[in-house]
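Remarks on the structure that follows.
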Amino acid sequence: MKPVRTRFAPSPTGFLHVGGIRTALFAWLVARQAGGQFILRFEDTDKKREVPGSREHLIKSLLTLGLEYDEGPDIGGPLGPYVQSERLDTYQKWAQVLIGSGRAYADPYTPEEVQAFREQAQAEKRPFLYRNHRPENPPVWDGTMPLRFKSEPKAYTRVDAVMGELKTGPEVIDDFVLIKSDGYPTYNFAHIIDDHEMQATYVIRGQEFLASTPNYLNLYEALRFDSPIIATMPHILGPDGKKKLSKRDGAKDVLDYIADGYLPEALVNFIASLGWNDGTEQEIFTREELIAKFKLERVQRSGARFDENRLQWMNGVWIRSLRIDELFERSKNFWPETAAPYDDTYKKQVLALIQERLKYFAEIPELTRLFFEDLPVDINLINNNKQLKKFEHANLKQLLEQAKISLEQSDFSVEDLTKRLNTLLAATGQKPGILFGLIRIASTQAPFSPGLAETLSILGRETSLRRIDATLSALA
RNA sequence: GGCCCCGUCGUCUAGUGGUCCAGGACGUCAGGUUCUCAUCCUGAAGAUCAGGGGUUCGACUCCCCUCGGGGUCACCA
């Protein structure tokens, strides 16, 4: 029994969006579940498309989500290098093997000629098959022209770990390019060599490769390689539910979600739940639970739409599950500038108060402003309030003054404040909606805030009374 | 156009011939929790299981056709 080895093999052409990271996550889960290895490999055989900085970005994305790899470009490993552009001699070696066995040949046509064949096929509404133009006496391959695979078209019935049984006829098999005229291998060739050399037991990748898989099977045979287990993931769809999620349609970088204050565990949970569930009604899964319960066979065969609402809910669930110290550590970079003078103890108290209404950390400044600065008195908060608008300002002022007198004698502990507020309720004969609403608006000047007693307690006597005074003057 | 994949509430999904006039979650709406926002709780609306034919005593589940969506047919991955 060979040890399980899975890999994630992105091309360094940009950032990783949710769709891409899901493939990585599933490969990682399969490896971790089996106690095997997860490998990172860069497929940089298209020099034109390479984006500077994307290698580091890809690595950071993986590590930020906790998808640690055991072998990879930066950390090495026994079967490296893990960058395709550094493995050119390996591809040459295997190319020669194929040439030797008569299964590869030089492509003598110019790109224009091949393009003409292609257009001809298109005009006839037929799929383009290079092998229909296979040269009778190809020249000796000197490396300046493309090297093509000499396929042996046949029907295949294969089992894909997520798609199930798949059947195709010989018409989908073609002589694809192995090595380009620039000396670099194509993805089609390089990944097969690498997966073999790196002893990958699973190939988990996106649906865009489904159609070319029979070609890969044909090449495995020509090379006498065993085929790894192949698992094809459906695409994650954009908000319109049609096209696959793509960068140009606004798919966000996973690191952007981190920057907005989404927790890695929530992101992982959410991404896994797009197209996978364990068959129970459980929605929230820890990393460990995912490792224990994940099954490729239970991955949905249809594409799933990315629903940011659901992500937000799930992130809220995860935020609420954190202990306050942990939450504080995780959200350290999200405090507003006005919070700078305040100490950690104060900030933690504030954080505890807003924890249950926090969906992602970027909301912290808006939710906590009132604890760090006096907001300008906005009389409209009173004038537009459903309950308070029915009262004359003079009456409200009188009520607020009465409240102030009581609050002045408070030690501002939550217990005492609660007691006084209740006493006030009885003494004034007002509904909580009116009395509490008035005090809340006066002391916060915010459209919404945490509970009254808790808020006043944290604000403290001085700030609370100062704000109430400000409102009192405005009511004059 | 050929080939291939997919099609259950708005969304993510459960469901592998009868327990489903279809269950859960998000979202939405309504009510409750001494004020607002949120949390939490309760409830409601929401899916003729894409459509049509079969097979069967019985079909969301099996078969066929149609329609719809997607992928692929690169010296990109």
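Reminder, nothing fancy here: chain letters follow the sequence lines and each chain counts from 1.
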Comparing A/Glu356 and A/Ile179 on RNA chain B - which has the more 5′ nearest nucleotide = A/Glu356
key: Quiz item: A/Arg310 side-chain donor-acceptor pair to B/C26 base, under 3.5 Å   = no
A/Thr168 (side chain) and B/C4 (base): donor-acceptor pair under 3.5 Å = no
request  = Side chain of A/Glu171 only, please: which of B/G10, B/G15, B/C3 is the nearest?
outcome  = B/C3
inquiry  = Between A/Arg467 and A/Asp374, does any side-chain N to carboxylate O distance fall below 4.0 Å?
reply    = yes
ask   = Under 4.0 angstrom, heavy atoms only, what part of the nucleic acid is A/Gly275 near: base, sugar-phosphate, or nothing?
value = sugar-phosphate
message = Taking the minimum atom-to-atom distance to the side chain of A/Val177, which one of B/A77, B/A25, B/C75 wins?
response = B/C75
query = Just to confirm, is there a sub-4.0 Å distance from OP1 or OP2 of B/A14 to any side-chain nitrogen or oxygen of A/Asn277?
reply = yes
ask   = Would you say the base of B/U39 and the side-chain of A/Arg320 have a donor-acceptor pair closer than 3.5 Å?
value = no
task = Over 60° means perpendicular and under 30° means parallel, so classify the ring planes of A/Tyr187 and A/His191, tilted if in between.
result = parallel
inquiry  = The side chain of A/His235 is closest to which nucleotide in this list: B/U36, B/U11, B/G71?
reply    = B/G71
request  = Would you please classify the geometry between the A/Trp94 ring and the A/His196 ring as parallel, tilted or perpendicular, with 30° and 60° separating the classes?
outcome  = perpendicular
ask   = If you measure from the P atom in B/U66 to the same atom in B/C29, how many Å do you get, rounded?
value = 43 Å
ask   = Taking 4.0 angstrom as the limit, do A/Glu265 and A/Arg330 come out as a salt bridge?
value = yes
query = So which nucleotide from B/G71, B/C35, B/A38 ends up closest to the side chain of A/Lys359?
reply = B/A38
query = What does A/Ser181 touch in the nucleic acid at a heavy-atom separation under 4.0 angstrom: a base, only the sugar-phosphate, or nothing?
reply = base
message = What's A/Glu43 touching, base or sugar-phosphate or nothing? Going by heavy atoms closer than 4.0 Å.
response = sugar-phosphate
request  = Can you tell me, in whole Å, how much space there is between the P of B/A47 and that of B/U16?
outcome  = 23 Å
query = Expressed in whole Å, how much space separates the C1' atoms belonging to B/U19 and B/A14?
reply = 15 Å
message = Is the ring pair A/Phe328/A/Trp335 parallel, tilted or perpendicular, if the boundaries are 30 and 60 degrees?
response = tilted
inquiry  = With rounding to the closest Å, how many angstrom separate the C1' atoms on B/U61 and B/G18?
reply    = 11 Å
message = Any base atoms under 4.0 Å from A/Pro234, or only sugar-phosphate, or nothing? Heavy atoms, all strands.
response = nothing
message = Side-chain N or O of A/Lys386 versus OP1/OP2 of B/U36: is the shortest distance under 4.0 Å?
response = no
query = Given the C1' atoms of B/C20 and B/U8, what is the spacing between them in whole Å?
reply = 12 Å
key: Which nucleotide in B/G2, B/G15, B/U11 has an atom nearest any side-chain atom of A/Arg298   = B/G15
request  = Would you indicate, yes or no, if B/C75 has its OP1 or OP2 atom less than 4.0 angstrom from a side-chain nitrogen or oxygen of A/Arg118?
outcome  = yes
ask   = Where the side chain of A/Thr186 is concerned, which of B/C26, B/A14, B/C76 is the nearest nucleotide?
value = B/C76
task = Could you tell me whether A/Asp175 and A/Arg148 make a salt bridge, using a distance below 4.0 angstrom between a side-chain N and a carboxylate O?
result = no
query = If you measure from the C1' atom in B/C21 to the same atom in B/G27, how many Å do you get, rounded?
reply = 25 Å
request  = With heavy atoms under 4.0 Å as the rule, sort A/Thr45 into base, sugar-phosphate or nothing.
outcome  = sugar-phosphate
inquiry  = If the threshold is 4.0 Å, N to carboxylate O, is there a salt bridge linking A/Asp44 and A/Arg55?
reply    = yes
ask   = Taking the C1' atom of each, how far is B/U55 from B/G46, in whole Å?
value = 33 Å
Extract from the structure each pairing of a protein N or O with an N or O of nucleotides 5-9 of chain B at less than 3.5 Å, listing the distance.
{"from": "B/C6", "atom 1": "OP1", "to": "A/Arg301", "atom 2": "NE", "distance (Å)": "2.9"}
{"from": "B/C6", "atom 1": "OP1", "to": "A/Arg301", "atom 2": "NH2", "distance (Å)": "2.8"}

request  = Please determine, for the side chain of A/Ala304, which listed nucleotide (B/U39, B/G10, B/U13) has the closest atom?
outcome  = B/U13
ask   = Which part of the nucleic acid does A/Ser449 contact within heavy-atom distance under 4.0 Å: base, sugar-phosphate only, or nothing?
value = base
key: Rounded C1' spacing from B/C9 to B/G23 in Å   = 11 Å
ask   = A/Lys180 side chain N/O closer than 4.0 Å to the phosphate oxygens (OP1, OP2) of B/A74?
value = no
request  = Just say parallel, tilted or perpendicular for the rings of A/Phe176 and A/Phe149, cut-offs at 30° and 60°.
outcome  = tilted
request  = Ignoring backbone atoms, establish whether A/Arg49 has a side-chain N or O less than 4.0 Å from OP1 or OP2 of B/A77.
outcome  = no
query = With both distances under 3.5 Å as the test, what is the Watson-Crick or G-U wobble partner of B/A44?
reply = B/U28
query = Taking NZ, NE, NH1 and NH2 as the nitrogens, is one of them in A/Glu43 or A/Arg7 under 4.0 Å from a carboxylate oxygen of the other?
reply = no
task = Describe, in one word, how the ring planes of A/Trp276 and A/Phe294 are oriented to each other, choosing from parallel (under 30°), tilted (30 to 60°) and perpendicular (over 60°).
result = tilted
ask   = When the nearest nucleotide of RNA chain B is assigned to A/Arg357 and to A/Phe209 on a heavy-atom basis, which residue is associated with the more 5' position?
value = A/Arg357
inquiry  = With hydrogens left out and only the distance checked, is there a donor-acceptor pair under 3.5 Å joining A/Asn422's side chain and the base of B/U34?
reply    = yes
